[in-house]
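Input: a single structure, listed below in structure tokens.
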Amino acid sequence: MKLGLLGVVALALLGGCGDKDVGPVTLPVPTSSPEQQVVEWQAAKSTFDRRCVVCHGCYDAPCQLKLTSWEGIARGASKDKVYEPSRFREADPTRLYIDSTTVEGWRGKGFHPVLPENDRLDPALAPITRMLNLKLRNPLPLDGRPLSREFDVGIDREEKCPVPEAFSEYEKDKPTWGMPYGLPGLNDADHQSVVGWINAGVPHQPVPALSGEVEASVARWEAFFNTPGLKEALVSRYIYEHLFLGALYFEGQDEQNFFRLVRSRTPSGAPIDEIPTRRPFEEPDQPTFFYRLQRREETPLNKTQIPYALSDKRMARYRELFLDPTYAVTTLPGYDREVAANPFKAFAQIPVGSRYRFMLDEAQFIMAGFIKGPVCRGQVALNVIEDRFWILFLEPDSPLIEREAQFLEATKDRLDLPAEMGSNNLLVTWRRYAKQQESFLKAKSSFFNSLYDTGSMEAAKIWNGDGNDNAALTVLRHFDSATVVKGLVGGDPKTTWVLDYSLFERIHYLLVAGYDVFGNVGHQLQSRMYMDFLRMEGEFNYLTFLPRDRRKPLMQSWYREADDEVRNHVYGEFAFYDHEPGITYQTSTPEHELAQIFRIWTSPVLERKLEVEEEPDAALRDAILPAGKVRGKAASLISEMSFIEVRRSGGGEAYFSLLRDSAHTNVAQLFGEKDRRVTSEDQLTLVRGLVGSYPNTLYSVAEADLPAFTAALAALETPESYTAFRDRFGVRRTDARFWDFSDRMHAAFKRLDPLEFGMLDYNRLERD
């Protein structure tokens, strides 16, 4: 670690390198008629979407090759990794559509072509053509057996990103590594759709024009976000910093057109000229800018699809929360990091209650920024949370929220976040944040005790939604990815977070607005360690609803083998609520009683569509339910995320997700997660539909075979028995049915949830 810190210090002092100057890029000239070009592009794009985006869609796509759009294909590939845990110095961002908008610009950033270009206009020399032909010459054996060890399918594998001049060497060294990598090859029609498109000069079709109705909505919302006035400008800035990752759409108006809220140098009516900054709260490059709605032209990827509806009702709600209340905005906050990275300083003039209710209105969306944002590879960030836990919120009309503005004003200097240091953080500053958090927790504990005496903490202090189904959420971690869903999913969780406004806001500004995937190791580690504090604070809030004599033993069960300093952050020296709750418990495990109380309290708005018990077909429900009751050794052998296709006896398919809750002694340590595993406490959670973006295993089971499937699942004892189970029911990478299964699964996903739908990512599929 000492050498690492010295490296950070040294490299942080070095200047960065700018983009290289490159000349004009020459692309092929399409040879067919305009009408035929449309046909050729649509055929190729269909293949890219169904067969390529499933591995080449997210930031961690191999070689940064994103095949989600023409712009991504034309950008090409890069040997530089976005996710580099040992990076001493921040990297230049390479966000498609943002950090460059021209092929020449991407060549200047070191991306090399995968299409015919410049002096290599021969279609046969294009890396995509050669990759597909390599697969054609060396097909993957479709025998349904575990994938050969010659393929490295780990997410940290060494990537081979051959430039066009070196492709012959790649073909010689890795003859079986054609595309799709480690998956069945394309059928003749799909292969020809791509190769024929390249041979025809890689024509492409701009996305169809928006309808007049949608264009009018764009204009109306851009006018709203750019309304003159200090109050209006501050409100728009606050909303932008919370929606910038969203897939915005107009409710009831062609809901498959999605938009990004961006800052542009140009006003409404002119082409958008986006101002790229690392973070949404960093200073734009000109004093006058405009909020614009930029159409999203990429094929949606489920990992980054975070839908958010805009409507007349939403605009009226914004006015009700932010513009109608009487308060003065005398000056706009600057963009100095000390202010901009701390929302309690930047937005102190906006009422706390308005900010909190804004976040509660779409609480799942706000949490999804952390879960589904640009962190495509987040094991170090995500090992700070349990594998499944619930999230509930303090009532916005509670005395805490009413008086929180004064409390936050008095404590805002203790709420600095690591993003104020930028993306070249030094770990030596960590103790300052730790001491600030300790001081804040002491102040918050005193504040809690002054507001709530004995009998105060009862179900009524929890927000019951007021008709809003965002009141109760479940987070499910899948090792290096996670999912947040509405409802209280699964059995009673090990822990629960109860969020108040300040905690909810800090999670967003730490891991969404303030997090930079291109930052150095110091930035990444500080963000992860700070999240420890926030998790503990949410757990502390939850403990206040339990009897005093149960709080410490329960906390100790969460933090086995953790040191005393960690435990004190949850319930001890730094965080202490000194009163009994207003709930009468009857058993020695009140946490289970409290879980039932939460279910009942939020029941009017509780989302239940994922619960298997809600399956209307009783026979199917009863047959599949045992899969979700598996515990211990058998559960530990199952992968983190399994998707199950049930082939219905009457025709059609039903889909379920089987998710492993991996038990740990604690989640408060940065490294050594494998050593903290407690496999005897593992359990499985079964839900309806497809939950998660990165399936590890796929199963296709005839409805009549479900009893055999669940019985074999419960009987698993060894890795060998798991392999036999996969042999019997699985659809492996090497299965001749793989692509047909994939197409059915995606079609069902889009049919069941068209707004959340996006292509799944197969980079985590098991080898065996």
Side-chain angles (χ1 to χ4, degrees), residues 97-98 206-276 280-281 284 286-298 300 305-327 329 332 347 349-351 354-355 357-366 368-369 467-468 470 513 754-756:
Y97 292 106
I98 298 175
V207 295
L210 297 171
S211 69
E213 183 182 35
V214 172
E215 285 187 337
S217 292
V218 169
R220 184 167 64 253
W221 274 95
E222 289 185 347
F224 174 82
F225 286 127
N226 294 294
T227 302
L230 293 180
K231 187 177 187 179
E232 291 78 3
L234 184 61
V235 167
S236 292
R237 174 171 166 179
Y238 181 78
I239 294 173
Y240 164 70
E241 291 184 13
H242 289 77
L243 300 191
F244 72 100
L245 284 183
L248 280 56
Y249 67 97
F250 299 110
E251 195 168 26
Q253 299 178 11
D254 191 2
E255 293 183 351
Q256 290 302 295
N257 269 312
F258 296 99
F259 299 83
R260 292 188 300 118
L261 184 59
V262 304
R263 296 184 295 185
S264 172
R265 300 179 182 91
T266 52
S268 294
I272 291 175
D273 184 8
E274 184 173 354
I275 301 172
F281 53 72
Q286 63 183 48
T288 301
F289 62 88
F290 306 88
Y291 294 104
R292 303 288 303 278
L293 288 170
Q294 173 71 65
R295 192 175 184 182
R296 295 168 66 112
E297 298 184 2
E298 292 184 85
Q305 177 74 355
I306 316 176
Y308 186 96
L310 298 178
S311 63
D312 291 343
K313 183 178 178 181
R314 180 82 70 191
M315 190 179 291
R317 178 62 168 166
Y318 286 173
R319 294 186 186 280
E320 176 190 4
L321 290 177
F322 295 118
L323 301 179
D324 293 344
T326 301
Y327 62 95
V329 176
L332 294 177
F347 301 107
Q349 297 171 96
I350 300 177
S354 297
R355 287 179 266 163
R357 285 177 173 83
F358 165 81
M359 298 180 77
L360 289 180
D361 280 353
E362 297 293 343
Q364 184 201 22
F365 172 88
I366 299 295
N468 187 327
N470 283 272
L755 292 175
E756 291 277 355

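Fair warning: this is a prediction, and the values are worked out from it, not measured in the lab.
Under the 6.0 Å distance and 45° angle rule, Lys231 does not count as a cation-pi partner of Phe322.
Atoms CG and OG1, from Asn226 and Thr288 in turn, are 11.0 Å apart once rounded to the nearest 0.5 Å. To the nearest 0.5 angstrom, Leu360 atom CG is 10.0 Å from Leu321 atom CG. Note that the CD atom of Glu222 and the OH atom of Tyr291 stand 13.0 Å from one another [nearest 0.5 Å]. To the nearest 0.5 Å, atom CZ of residue Arg237 and atom CZ of residue Phe225 are 15.5 Å apart. Here Asp361 contributes atom CG and Met359 contributes atom CE; the two are 11.0 Å apart, rounded to the nearest 0.5 Å. Taking CD from Gln294 and CG from Leu261, the interatomic distance works out to 11.0 Å, rounded to the nearest 0.5 Å.
Looking only at side-chain heavy atoms (C-beta outward), Phe250 and Leu210 stay at 4.5 Å or farther from each other. Using a 4.5 Å heavy-atom threshold, the side chains of Gln305 and Arg296 count as touching. With contacts defined as side-chain heavy-atom distances shorter than 4.5 Å, the pair Arg220/Asp312 qualifies. For the pair Ser268/Phe290, no side-chain contact is recorded, criterion being any heavy-atom separation below 4.5 Å from C-beta on. Here the side chains of Gln256 and Pro754 are in contact, with some heavy-atom distance below 4.5 Å. Contact of the Pro300 side chain with the Phe258 side chain is not registered, since no non-hydrogen atoms from C-beta on lie closer than 4.5 Å.
With sequence neighbours left out, Glu362 forms a side-chain contact (heavy atoms from CB on, under 4.5 Å) with Tyr308, Arg314, Phe365, Asn470. Listed by chain and number, the residues in a side-chain contact (heavy atoms from CB on, under 4.5 Å) with Asp273 are Ser264, Arg265, Thr266 (sequence neighbours excluded).
Ring orientation note: the planes of Tyr240 and Phe244 are tilted relative to one another, at an angle of 30° to 60°. Under the 30°/60° scheme for interplanar angles, the aromatic rings of Tyr318 and Phe358 are found to be tilted.
Checked by atom type, the side-chain pair Thr227/Glu232 shows no donor-acceptor distance below 3.5 Å.
When every heavy atom of Ser217 is checked against every heavy atom of Gln253, the shortest pair comes out as OG-OE1, 2.7 Å. Among all heavy-atom pairs drawn from Ala513 and Pro280, the shortest one is O-CD, 3.3 Å. Closest of all the heavy-atom pairs between Ile272 and Leu293 is CD1-O, 3.5 Å. Here the closest non-hydrogen pair linking Phe347 and Leu234 is CD2-CD1, 3.6 Å. The two residues Pro284 and Arg263 come nearest to each other via the heavy atoms CD-NH1, 3.5 Å.
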Note to self: Show, in sequence, the C-alpha distance, side-chain angles and deciding distance for Glu298 and Tyr97, and conclude whether the side chain to side chain contact (heavy atoms under 4.5 Å, CB included) test is met.
What the structure shows: CA-CA 10 Å; Glu298 292 184 85; Tyr97 292 106; 3.3 Å; yes
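Counted within 6.0 Å of CZ on Arg317, heavy atoms from surrounding residues, nucleotides or ligands total more than 12; the atom is thus considered enclosed.
The stretch residues 245-260 participates, sequence neighbours left out, in these salt bridge (charged side-chain N to carboxylate O under 4.0 Å, His left out) pairs: Arg260-Glu274.
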